[in-house]
Amino acid sequence: MDTTQHLVHGTGLGLRRPLLSQLVETTPKNIDFYEVAPENWITIGGKFGKQFRAMTERFDFVCHGLSLSIGSTDPLDEKFVHDVKQFMAEHQMKLYSEHLSYCSKGGHMYDLMPIPFTSEAVSHAAARIKRVQDILEQKIAIENVSYYAAPGQEMPEIEFFNAVIEEADCDVLIDINNIYVNSVNHHYDAEAFLKAMPAHRIAYAHIAGHYVEAEDFLVDTHGADIVDPVWKLLGKAYELYGIFPTLLERDFNIPAMPELLTEVDTIRTMQNAWRTQHEKQSA
């Protein structure tokens, strides 16, 4: 069984525009790679464009799409995919990832909607992923998403996810917080889900915070600190599969840089602890 070769390494941070000037001026040493949504940066110019170029010339970057709408019945936006390809080449970006969801039906809905967990949807989504990979001339990584309803469900979430990934022969962006959020909202065992993931395909990971609406209802917001159960789930993933590149997402309520970097440091500390333990076991 082939294992995905990591194109980035260590710890990452989602680059949001409010952080750009600060990161250009004082670049944290504990961030190994950055992630951007291409929709927000492809057309950027002026001062921000120059600052962005200064960052991509110095650091590894990956693209994480928001609007490809891989599960939609609308025609695939191939012009956008070609634009992404040009953008990635221009900035030497390592990888493109997207969500296993859809966000359009005769126009964009600006939200990530759940694809029905059906065999028909497996074939539909996998075919569209293959087409994107053909255009980009490289594999893409697909993320397991948070969802709040499962219309037309014929199979469990993990079975659906794995079937799409296998048929498309693509890589995986494993989102640790999404696993935890879904496990609470849909009453399943997060570790069991983690153990069923196609780990040999993991390209990198996301970790983030969420909003607690109720004891049994969490909302994936990327707007809060990461909670202990999510950190523990990341530790379990490292225990099961070894360390993989892991990126902190923070989209709202962005704290001061020192506080943000504290969570990045936690990722690095966990990765270093795994390395130390592994080296002792190998000695």
Side-chain angles (χ1 to χ4, degrees), residues 3-4 6 8-14 30 32-33 35 62 64 97 99-101 112 114 141-148 150 156-162 165 171-251 259-278:
T3 298
T4 296
H6 295 149
V8 290
H9 301 277
T11 56
L13 179 67
N30 60 348
D32 300 302
F33 69 101
E35 177 191 81
V62 294
H64 183 51
S97 63
H99 306 81
L100 188 56
S101 62
L112 299 176
I142 293 295
E143 177 185 346
N144 56 293
V145 298
S146 57
Y147 63 100
Y148 307 96
E157 176 195 350
I158 188 61
E159 185 179 330
F160 174 75
F161 182 81
N162 287 351
I165 299 304
D171 291 335
V172 168
L173 164 51
I174 182 172
D175 192 301
I176 303 298
N177 183 61
N178 287 351
I179 295 175
Y180 178 74
V181 166
N182 290 346
S183 75
V184 172
N185 292 346
H186 303 289
H187 313 292
Y188 65 67
D189 185 288
E191 285 195 14
F193 188 99
L194 182 65
K195 290 176 181 177
M197 291 285 281
H200 62 288
R201 294 183 180 272
I202 294 174
Y204 70 111
H206 279 170
I207 190 166
H210 56 258
Y211 175 71
V212 180
E213 180 73 28
E215 186 177 328
D216 60 349
F217 183 50
L218 308 180
V219 182
D220 176 40
T221 60
H222 306 168
D225 293 344
I226 299 164
V227 298
D228 284 346
V230 176
W231 284 123
K232 289 177 180 176
L233 196 60
L234 177 63
K236 186 63 178 181
Y238 289 162
E239 178 187 323
L240 289 169
Y241 305 128
I243 55 175
F244 38 73
T246 304
L247 179 135
L248 173 67
E249 289 187 295
R250 189 68 180 252
D251 294 336
E259 184 180 340
L260 200 63
L261 295 179
T262 297
E263 292 196 317
V264 176
D265 280 333
T266 300
I267 299 171
R268 185 175 294 276
T269 297
M270 293 174 68
Q271 292 178 339
N272 288 338
W274 182 91
R275 287 192 190 94
T276 299
Q277 183 178 5
H278 188 70

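All values reported here derive from a predicted model rather than from experimental measurement.
Under the rule for a side-chain contact (heavy atoms from CB on, under 4.5 Å), the partners of Ala237 that lie at least two apart in sequence or sit in another chain are Ile176, Leu194, Phe244. For Lys232, there are no side-chain hydrogen bond (donor to acceptor under 3.5 Å, both in side chains) partners two or more places apart in sequence or in a different chain. Not a single side-chain hydrogen bond (donor to acceptor under 3.5 Å, both in side chains) links Glu213 to another residue, sequence neighbours left out.
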message: Show, in sequence, the C-alpha distance, side-chain angles and deciding distance for Asp225 and Glu263, and conclude whether the side-chain contact (heavy atoms from CB on, under 4.5 Å) test is met.
response: CA-CA 8 Å; Asp225 293 344; Glu263 292 196 317; 3.7 Å; yes
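Two rings, from Tyr148 and His186, have their centers 6.0 Å or more apart. Note: His222 and His210 fail the aromatic proximity criterion, with ring centroids not under 6.0 Å apart.
Closest approach of Gly10 to Phe33, counting heavy atoms only: O-CE2, 3.9 Å.
Relative ring orientation between His278 and Trp274 is described as parallel, the plane-to-plane angle staying below 30° on a 0-90° scale split at 30° and 60°.
Residues Asn185 and Asp216 bring no donor and acceptor atom of their side chains to less than 3.5 Å of each other. Counted by atom type alone, Asp32 and His9 present zero donor-acceptor pairs between their side chains at under 3.5 Å. Donor-acceptor pairing under 3.5 Å is recorded for the side chains of Thr11 and Arg268.
For the pair Lys195 and Asp189, the salt-bridge criterion is not met [side-chain N within less than 4.0 Å of a carboxylate O].
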